[in-house]
Chemist: 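What follows is a structure written as structure tokens; I'll ask about it next.
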Amino acid sequence: MQNSVTPTHCPYCALQCGMNLTPAPDGTVEVGERTDFPVNRGALCGKGRTAPAVLSSRVRLTSPLVRSGGTLVPASWEEALDRIAEGLSRTRRDHGPDACGVFGGGGLTNEKAYTLGKFARVVLGTSQIDYNGRFCMSSAAAAGIKAFGLDRGLPFPLEDIPRTGCVILVGSNLAETMPPALRFFSELRENGGTLIVIDPRRTRTAEQADLHLAPRPGTDLALALGLLHLVVAEGRVDEAYVAERTAGWEDARAAAMAHWPEYVERITGVSVPQLRETVRMFCEPEHAMVLTARGPEQQSKGTDTVGAWINLCLATGRAGRPLSGYGCLTGQGNGQGGREHGQKADQLPGYRKLDDPAARRHVAEVWGVDPDSLPGPGRSAYELLDALGSDIKSLLLMASNPVVSAPRAAHIEERIRSLDFLAVCDVVLSETAALADVVLPVTQWAEETGTVTNLEGRVLLRKQAISPPEGIRSDLEVMHELAGRLGVEKGFPTDPEEVFEELRRASAGGPADYSGITYRRLAEENGVFWPCPALDPGDSEDASLDARGHDDPAQDDGVLGGAHPGTPRLFLDRFATPDGRARFVPVSHRAIAEEPDAEYPVLLTTGRVVAQYQSGAQTRRVDELNAAAPGPFVELHPRLAERLGAAEGDPVAVVSRRGRAVAPARITTSIRPDTVFMPFHWPGEGRANTLTNPALDPTSRMPEFKACAVRLEAVRA
């Protein structure tokens, strides 16, 4: 493998940008452009360009660690694995299988996510498994399933965006979160289309927009309902589409009509003329899209909020038609695939429901176990973390850092510290790993082969480019060894392609059907969109596609003979509901869980900066990225700063009912005067998630990261 060029994909966000990796003589790895991959066409952000820096032994874990006398010390793999097996066995014996928890990550490959779910349910017999992707797009997923019968981040390729007429981008600062994607929106405007950005801050993305709306945080639901009210009032409903392809319109219409424009203006701060202009820009072109991200989704009413935006698309005939539709901009690298194949509390592989008897029978047959032996649904991510140390005594954690990333983080840190036993698999010693009883160093993206599914639903093959350092093992090897120690000798292979072949069988016939996808196809076709069922030899491809009603015949060229071509575009003929119709879901505005008051008069919203990623566990170890974004800050309006008596760079304390964070002031007119913003990448006194509210959406169980009440305090020397 040395000195050869390996085409692969970035380890960070859900774009999964293509890149070429070449090992250099000095032991480093060089990143090169890969122009053949359509998502980024060679472009990379700073995180992608510097990703090999984390491969260095200077910043990564190189040996298993075990706790001895309160300190983590190096140990052999045998000792470390034995300790984990003993800790989990002891918990099961003394407290039962559900006292063992498993927490995964949206950065795990499909093979690892699949195996982790199987490990929890077959080896440990626990229902207590979830993952940090619950904090990513679970509200969008829940709303998509309600409306369309199926959840896939984008139901169309990114390449469709420049060819539509208007895009409403809700709560996304993709210029910083996924910069290579910004070109699709620049091309949209170059082609004569328009971009509307909805964000409480005038971000780098909002600066690119034809129209920027800055609603009060937590009022996106009211905003969407006000727009739908105007669509009805102005006679812009696509009545023929609504009659032919949807159900439930009358109830949704009645709910929207209670949100008249002046009422919505008072709630959101968006003026009635801006509301009317938004409707005009969205409805006049032949094609249009709504794309949401964490802004509207990370709310205690996120499912209803996304549902309201979907209702707007349905009422105007903007879903299930070429160059139109609703989509979600997934965040984590494998946030889509990570929940499709079993590490989410209520799901089995293939995006099957864990409480569906037919799904349990199918997956149990693939796994060679009794369906009745599979546990039922468990706790969602925050609820699982909140139960640590009480109901859940031991935790196996992979590829996540909840000490920094979870809401009400100081409380979650306390719960983690209260565990009887914690084992962590990671590539670096994260803030969570530092609390563990055993830490296992595992392989990274460039050192292993596996598949991921990007935000378009495009399944990709990430190829091994270099050999891992001596003494590093893969997560698949870890689960194989632990399964054997815990009495399950078979069913946990270490070869990723062998795991993927089993995943294909387990997903067959499910909503996320990967059964027609192979490693060979992924390598030769530059990825395959799911659903992609395996065709029987006697089936014709056209007959299969007509039956599913989900594809664009123009995409059939170049596909391996006799195979299903995959599904770049969903819902063109029918939705994935029993009758093929999309469902309107009636929703109404309600307040966020914690409105400002006299004691906490300001709203806090959180997000990311371009040079850091998620909890920063990896990017904070890259010198170039730290130079660009060295630490946390509090972004506030000059009027708020003046009342506080704070100047640029002064330390400011942000206090919520859950704790206190301190960071330098960054004063700007790009934010609303009633709102402050903090990025969430850092631990310590500037940890933004010390403040955030774990109030949960009743459907998706998403915490309310995006809006909580705080007060500001000047920090005197």
Chemist: Do Tyr351 and His341 have their ring centres less than 6.0 Å from each other?
Modeler: no

Chemist: Can we say Glu111 and Arg462 salt-bridge, meaning some charged N sits less than 4.0 Å from an Asp/Glu carboxylate O?
Modeler: no

Chemist: Please tabulate, one pair per line, all N/O donor-acceptor pairs under 3.5 Å involving side-chain atoms of residues 428-442, not counting sequence neighbours.
Modeler:
unit_1	atom_1	unit_2	atom_2	d
Ser430	OG	Thr432	N	3.4
Ser430	OG	Ala433	N	3.0
Glu431	OE1	Asn401	ND2	2.9
Glu431	OE1	Arg620	NH2	3.1
Glu431	OE2	Arg620	NH1	3.1
Glu431	OE2	Arg620	NH2	3.3
Thr432	OG1	Asn401	OD1	2.6
Thr432	OG1	Val403	N	3.1
Asp437	OD2	Leu422	N	2.8

Chemist: With side-chain contact (heavy atoms from CB on, under 4.5 Å) as the test, would you mind laying out the steps for Trp367 and Leu348 before giving the verdict?
Modeler: CA-CA 12 Å; Trp367 288 352; Leu348 287 169; 4.2 Å; yes

Chemist: Ignoring hydrogens and angles, tell me if any N or O in the side chain of Gln16 forms a donor-acceptor pair with the backbone of Leu460 under 3.5 Å.
Modeler: no

Chemist: Passes salt bridge (charged side-chain N to carboxylate O under 4.0 Å, His left out), Arg485 versus Asp82? Steps please.
Modeler: CA-CA 8 Å; Arg485 283 167 168 79; Asp82 286 345; 2.7 Å; yes

Chemist: Could you check whether any side-chain N or O of Ser56 sits under 3.5 Å from a backbone N or O of Pro52, counting only pairs where one atom can act as donor and the other as acceptor?
Modeler: no

Chemist: Any idea which heavy atoms bring Leu691 and Arg658 closest together, and the distance?
Modeler: O-NE, 2.8 Å

Chemist: In terms of side-chain heavy atoms, does Thr303 have a donor or acceptor partner in Thr699 at a distance below 3.5 Å?
Modeler: no

Chemist: For Glu704 and Ser300, test the side chains for any donor-to-acceptor distance below 3.5 angstrom and give the result as yes or no.
Modeler: yes

Chemist: Kindly assign one of parallel, tilted or perpendicular to the pair Tyr514 and Phe500, based on the angle between their ring planes and the thresholds 30° and 60°.
Modeler: tilted

Chemist: Answer yes if the side chains of Thr449 and Gln464 hold a donor-acceptor pair under 3.5 Å, and no otherwise.
Modeler: no

Chemist: Distance only, no hydrogens: is a donor on one side chain within 3.5 Å (strictly under) of an acceptor on the other, for Gln612 and Trp682?
Modeler: no

Chemist: Can Glu340 and Arg152 be said to form a salt bridge (charged side-chain N to carboxylate O under 4.0 Å, His left out), step by step?
Modeler: CA-CA 10 Å; Glu340 291 168 4; Arg152 194 180 83 183; over 6 Å; no

Chemist: So, using salt bridge (charged side-chain N to carboxylate O under 4.0 Å, His left out) as the criterion, who are the partners of Asp697 when residues are at least two apart?
Modeler: none

Chemist: For the residue pair Arg687 and Thr690, confirm or rule out a side-chain donor-acceptor distance under 3.5 Å.
Modeler: yes

Chemist: With no hydrogens and no angle check, do the side chains of Ser76 and Glu79 hold a donor and an acceptor under 3.5 Å apart?
Modeler: no

Chemist: Do Met19 and Thr8 have side chains that get closer than 4.5 Å, going by heavy atoms?
Modeler: yes

Chemist: Enumerate the side-chain hydrogen bond (donor to acceptor under 3.5 Å, both in side chains) contacts for residues 123-140, please, sequence neighbours excluded, ordered by first and then second residue.
Modeler: Asp98-Thr126, Asp98-Ser127, Gln128-Arg379, Asp130-Arg134, Asn132-Gln332, Asn132-Ser400, Ser139-Ser700

Chemist: Would Met178 and Leu455 satisfy side-chain contact (heavy atoms from CB on, under 4.5 Å), going step by step from the backbone distance to the final call?
Modeler: CA-CA 11 Å; Met178 44 182 66; Leu455 77 171; 4.2 Å; yes

Chemist: Evaluate the side-chain proximity of Leu396 to Phe103: yes if any heavy-atom separation is below 4.5 Å, no if none is.
Modeler: no

Chemist: Are any non-hydrogen side-chain atoms of Leu522 and Ile517 less than 4.5 angstrom apart?
Modeler: yes

Chemist: Look up atom SG in Cys100 and atom NZ in Lys393, then write down how far apart they are to the nearest 0.5 Å.
Modeler: 11.5 Å

Chemist: Looking at Lys463 and Glu448, is there a salt bridge between them, counting it only when a charged N and a carboxylate O are closer than 4.0 Å?
Modeler: no

Chemist: A side-chain contact here means heavy atoms from C-beta on lying under 4.5 Å apart; do Met702 and Leu696 qualify?
Modeler: no

Chemist: Say whether Thr453 and Asn110, considering side chains only, have a donor N or O and an acceptor N or O under 3.5 Å apart.
Modeler: yes

Chemist: Answer with yes or no whether the side chains of Gln614 and Tyr12 bring together a donor and an acceptor at under 3.5 Å.
Modeler: no

Chemist: So, does His362 use its side chain to make a donor-acceptor pair with the main chain of Arg505 at under 3.5 Å?
Modeler: yes

Chemist: Quiz question: by atom type and distance under 3.5 Å, do the side chains of Asn454 and His9 form a donor-acceptor pair?
Modeler: no

Chemist: Could you check if a side-chain atom of Phe680 sits within less than 4.5 angstrom of a side-chain atom of Phe705, using non-hydrogen atoms only?
Modeler: no

Chemist: Taking 4.0 angstrom as the limit, do Arg83 and Glu86 come out as a salt bridge?
Modeler: no

Chemist: Between Arg417 and Glu414, does at least one N-O distance fall below 4.0 Å, as a salt bridge requires?
Modeler: no

